Amino acid sequence: MSFVYCPECGFQNPEAANYCSKCGALLVKDEGGAETTQTYTPEEIAVEDGPLDEIAAEGPALVVRSGGGRAGEHFSPQSDRTTIGRSPDNDVFLDDVTVSRKHAVLVQSAGEFRIEDLGSLNGTFVNRRRIDSATRLESGDEVQIGKYRLSFISK
C-alpha cells in the first residue's frame, strides 16, 4: 500500500486521502516521474557565434560553436571516414544524451566532404534542415548533432 505524507505535520496518510487525517492540511501528491529524454531543435539553441577565422585548424575541420561547454574545440578529419557519436570509440566524441552512440559519419571522397546520419534518434541537421541521406558540406555550413552546433570549415 502506498502512502502520502503530510507537508505540514509529516503524518502518513493513505494514498486516496486529499487532506491529512491528523492536522487537516491539503495533501500534495506526486504526479509521477519526470520525462528523462530531451529533444532539441535548431531554433532552441541560439548562441552568439564568434568569427570562424580565429580557429587555428589546418585544413578541413568541424568546429564546436555551442553545446556541452566545448565551444571553440575543433576536430580535423584524419581519415576518409570520421565517425561522430556519444561512444568514446568515435573519432569525434560528443558526450551527451541527445547524441546517439553512433550518430553520424563524415566521409571524404574525391576532395568533397559529405555527412551522413547513421539512423540516430534525434537526427542530424545541416543548415537547420534534417538530412535523410549523405549531404555535401561547404565551408561555413552549420551541422547540428544533438545539442551540439558545429561549423564545417575547409581552409
Side-chain angles (χ1 to χ4, degrees), residues 1-5 7 10 12 14-16 27-155:
M1 178 175 202
S2 21
F3 299 97
V4 176
Y5 293 91
Q12 181 178 340
E15 184 179 29
L27 297 174
V28 180
K29 296 182 180 173
D30 184 18
E31 296 300 323
E35 189 171 329
T36 59
T37 59
Q38 294 179 338
T39 303
Y40 291 91
T41 61
E43 292 78 25
E44 292 176 324
I45 304 173
V47 174
E48 287 291 317
D49 294 332
L52 289 173
D53 302 341
E54 298 174 6
I55 306 302
E58 292 296 321
L62 281 173
V63 181
V64 178
R65 306 302 288 163
S66 66
R70 296 174 62 181
E73 280 188 52
H74 66 277
F75 305 94
S76 298
Q78 302 299 316
S79 66
D80 290 341
R81 292 180 57 85
T82 302
T83 58
I84 305 167
R86 190 179 75 231
S87 177
D89 62 341
N90 286 294
D91 301 314
V92 178
F93 173 50
L94 301 175
D95 189 20
D96 188 78
V97 296
T98 61
V99 179
S100 295
R101 286 182 190 92
K102 300 285 185 192
H103 197 102
V105 63
L106 183 66
V107 179
Q108 179 181 0
S109 174
E112 293 183 345
F113 284 90
R114 296 185 177 276
I115 191 159
E116 182 178 347
D117 187 81
L118 296 176
S120 66
L121 181 63
N122 290 327
T124 300
F125 295 80
V126 174
N127 296 327
R128 300 181 184 244
R129 291 199 174 127
R130 190 174 184 148
I131 61 170
D132 294 322
S133 59
T135 302
R136 185 171 182 253
L137 292 176
E138 300 285 337
S139 190
D141 281 350
E142 178 185 275
V143 177
Q144 182 174 342
I145 296 176
K147 72 176 186 179
Y148 291 90
R149 279 182 38 207
L150 305 105
S151 291
F152 176 76
I153 56 172
S154 58
K155 290 185 177 182

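Just so we're clear, the structure is a prediction, and the values are computed from it rather than from any experiment.
- Scanning both residues, Ala71 and Arg65, for their nearest heavy atoms gives CB-O, 3.5 Å.
- Each of Val99, Asn122, Thr98 was compared with Lys147 under the side chain to side chain contact (heavy atoms under 4.5 Å, CB included) criterion, and only Thr98 meets it.
- Here CD of Glu142 is found 4.5 Å from CZ of Arg149. Values are rounded to the nearest 0.5 Å.
- Residues satisfying the side chain to side chain contact (heavy atoms under 4.5 Å, CB included) criterion with Arg70, sequence neighbours excluded, are Val64, Glu73, Phe75, Leu94, Tyr148.
- Formation of a donor-acceptor pair under 3.5 Å by the Asp117 side chain with backbone atoms of Asp132 is not found in this model.
- Here the shortest heavy-atom pairing between Pro77 and Pro60 reads CD-O, 3.3 Å.
- If you take OG on Ser120 and CZ on Arg86, they are separated by 11.0 Å, rounding to the nearest 0.5 Å.
- Closest approach of Val126 and Ile115 over heavy atoms only: CG2-CG2, 3.7 Å.
- The two atoms that bring Ala104 and Ile145 nearest to each other are CB-CD1, 4.4 Å, heavy atoms only.
- Residues Ser76 and Ala61 approach most closely at OG-CB, 4.0 Å, considering heavy atoms.
- Salt bridge annotation for Arg114-Glu116: absent, with no cationic side-chain nitrogen under 4.0 angstrom from a carboxylate oxygen.
- The heavy-atom pair separating Ser139 from Ile153 by the smallest distance is OG-CA, 3.6 Å.
- Here the NE2-OG distance, from His103 to Ser87, works out to 13.5 Å after rounding to the nearest 0.5 Å.
- With rounding to the nearest 0.5 angstrom, the CG atom of Leu106 is 10.5 Å from the CG atom of Leu150.
- Between the side chain of Thr135 and the backbone N or O of Ser133 there is at least one donor-acceptor pair closer than 3.5 Å.
- Using a cutoff of 4.0 Å between basic side-chain nitrogens and carboxylate oxygens, Arg101 and Asp89 are not scored as salt-bridged.
- Annotation: the span from Glu15 atom CD to Phe3 atom CZ amounts to 9.5 Å, rounded to 0.5 Å.
- Leu62 has its side chain out of reach of Thr82: every pair of non-hydrogen atoms, C-beta onward, lies at least 4.5 Å apart.
- No side-chain donor-acceptor contact under 3.5 Å links Ser100 to the backbone of Lys102.
- Atoms CZ and CD, from Arg129 and Gln144 in turn, are 14.5 Å apart once rounded to the nearest 0.5 Å.
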